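One structure is given below, encoded as structure tokens.
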Amino acid sequence: MKVILSPEVSVALSAGRPVVALESTIIAHGMAYPANVETALAVEEVVRAHGAVPATIAVIGGKLKAGLSAEEIKMFGQSGPEIMKVSVRDLPFVVGRGLAGATTVAATMRIAAMAGIPVFATGGMGGVHRGAGETFDVSADLTEMTRSNVVLVTAGAKAILDLPLTLERLETDGVPVIGYRTGDFPAFYSRSSGLKVPMRAESAEEVAGIARAKWELGLPGAVIVANPIPEAEEIPASEIEPVIAAALAEAGRRGICGKEVTPFLLAEITTKTQGRSLRANIALVKNNAKVGAEIAVAYATGWGTSKTELAGLV
Ligand code: PSU
Ligand code: MN
């Protein structure tokens, strides 16, 4: 099945120019209107300002789309939770029924890989939930990371997840986790989770070279770039942790399960921090878009190929 590309994304991909994929669950389920639409459009501008073409990904009328118009982004933002949250499991349903769907990291990675877009910038990724030993709640984002050849730029993962178990699972699955100018795994709102990343990179070119090496080795799947939130916007772990604990307890009391868990926790945290977490969220997504664009530019110039080496560029 073909991905329907916007004219701008189509021209850029056929000319080998840098493109950055962006997800739509963050618009419909990760933030409220109108901040979601403003952020999505601003993130597209950040990608452009750093030399790449943005490709927001979603399913519309059962078609896989890469590159949405401002009107389509607005529609996703205004419809919010009415639009189905679509992970890989849900793709056959929305495509088969001709419906709209907001794609998660997992579904966006898959569609980006199908379209030949090698870099994807998001906010936070899914992972192993706290209490997964009982609930079995492990995001399909992790499964997809073993399948789709995409560089995923993320501010780490929220501490609503079990971060040590998430890193263990990624190690088992052979997914590189690269700290971007950091040796610590970031925890979304906080620059450090207290956990170490297994490897680090200092530049977009290094990341591009590592990703190319992975895929040339015949190792399929994602490369995670863990890019910490800018210092000025950081919320210290000691401040956010009680809020997270309360949100988890509330989810437990209400018996929230399945795909509702993550959106519920995100909304609870935003309400309880009176918007501070939202400001942090917006800042880190923009920062990821910038780094994603820089990686896409480096990758598109062929960084890491024997061609660049022969040309004496490395
Ligand atoms: N984490 C965040 N913000 C988000 C999400 C996760 O900090 O918006 C969204 C992403 O779309 C991610 C999805 O792919 O939630 C994971 O949902 P689940 O845990 O149900 O797999
Ligand atoms: Mn889940």
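Order of appearance sets the numbers: ligands from 1, and atoms from 1 within every ligand. In what follows, every heavy atom counts, from backbone to side chain, and hydrogens, waters and symmetry copies are set aside. Treat the numbers as computed from the prediction; the structure is a model and nothing was measured. Note that the numbering runs from 1 along the sequence shown for the chain.
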Within-shell test, Met31 vs ligand 1, heavy atom, strictly < 4.0 Å:
no
For ligand 1, the portion of Val105 having any non-hydrogen atom under 4.0 Å away:
both
Look only at interatomic distance and state if Ser139 has a nitrogen or oxygen under 3.5 Å from any nitrogen or oxygen of ligand 1.
yes
for atom 15 (O) of ligand 1, nearest protein heavy atom and its distance come out as Thr262 CG2, 3.5 Å
When distances are taken from atom 7 (O) of ligand 1, the protein heavy atom at minimum range is Lys158 NZ, 2.4 Å
Reference residue Glu23; test side chain to side chain donor-acceptor pair (under 3.5 Å); the match among Thr56, Thr122, Thr108
Thr122
Nearest non-hydrogen contact to atom 9 (C) of ligand 1 from the set Thr122, Thr154, Thr25 belongs to Thr25
Should Val19 and Val225 be regarded as members of a common hydrophobic cluster, given that ILVMFWY residues are connected when their side-chain heavy atoms come within less than 4.5 Å of each other, either directly or indirectly?
no
Lys214 (side chain) donor-acceptor with Pro220 (main chain) under 3.5 angstrom
yes
So, is Lys85 polar-close to ligand 1, with some N/O to N/O distance under 3.5 Å?
yes
Between Ser190 and Pro186, is there a donor-acceptor pair closer than 3.5 Å when you use the side chain of the first and the backbone of the second?
no
For atom 3 (N) of ligand 1, which of Leu266, Leu142, Thr108, Asn281 has the closest heavy atom?
Leu266
Between Asn287 (side chain) and Ile229 (backbone), is there a donor-acceptor pair under 3.5 Å?
no
Those atoms of ligand 1 less than 4.0 Å from some heavy atom in Thr104:
11 (O), 14 (O)
Restricting to N, O or S atoms, which atom of Asp137 is closest to the Mn ion (ligand 2)?
OD1
Go through Ser24 and Thr103 one step at a time and tell me if the side chain to side chain donor-acceptor pair (under 3.5 Å) criterion holds.
CA-CA 5 Å; Ser24 44; Thr103 49; 3.1 Å; yes
Connected to Ile4, directly or through other members, by ILVMFWY side-chain contacts below 4.5 Å are none
Establish, yes or no, whether the cationic atom of Arg254 lies under 6.0 Å from the six-membered ring centre of Phe264 and within 45° of the ring axis.
no
So for His29, does at least one of its heavy atoms come nearer than 4.0 angstrom to any atom of ligand 1?
no
Nearest non-hydrogen protein atom to atom 1 (N) of ligand 1, with distance, is Gly124 O, 3.5 Å
What do we get for Asp141 next to ligand 1 when only non-hydrogen atoms under 4.0 Å count, side chain, backbone, both or neither?
side chain
Where ligand 1 meets His129 - atom numbers and elements under 4.0 angstrom, heavy-atom basis:
19 (O)
Does ligand 1 come near enough to Glu23 that some N or O of the ligand is less than 3.5 Å from an N or O of the residue?
yes
Yes or no on salt bridge (charged side-chain N to carboxylate O under 4.0 Å, His left out) for Arg169 and Glu171, after CA distance, side-chain angles and deciding distance?
CA-CA 5 Å; Arg169 165 77 189 264; Glu171 179 185 354; over 6 Å; no
Verify the cluster assignment for Leu142 and Ile26: are they in a single hydrophobic cluster under the rule of side-chain heavy atoms below 4.5 Å apart?
yes
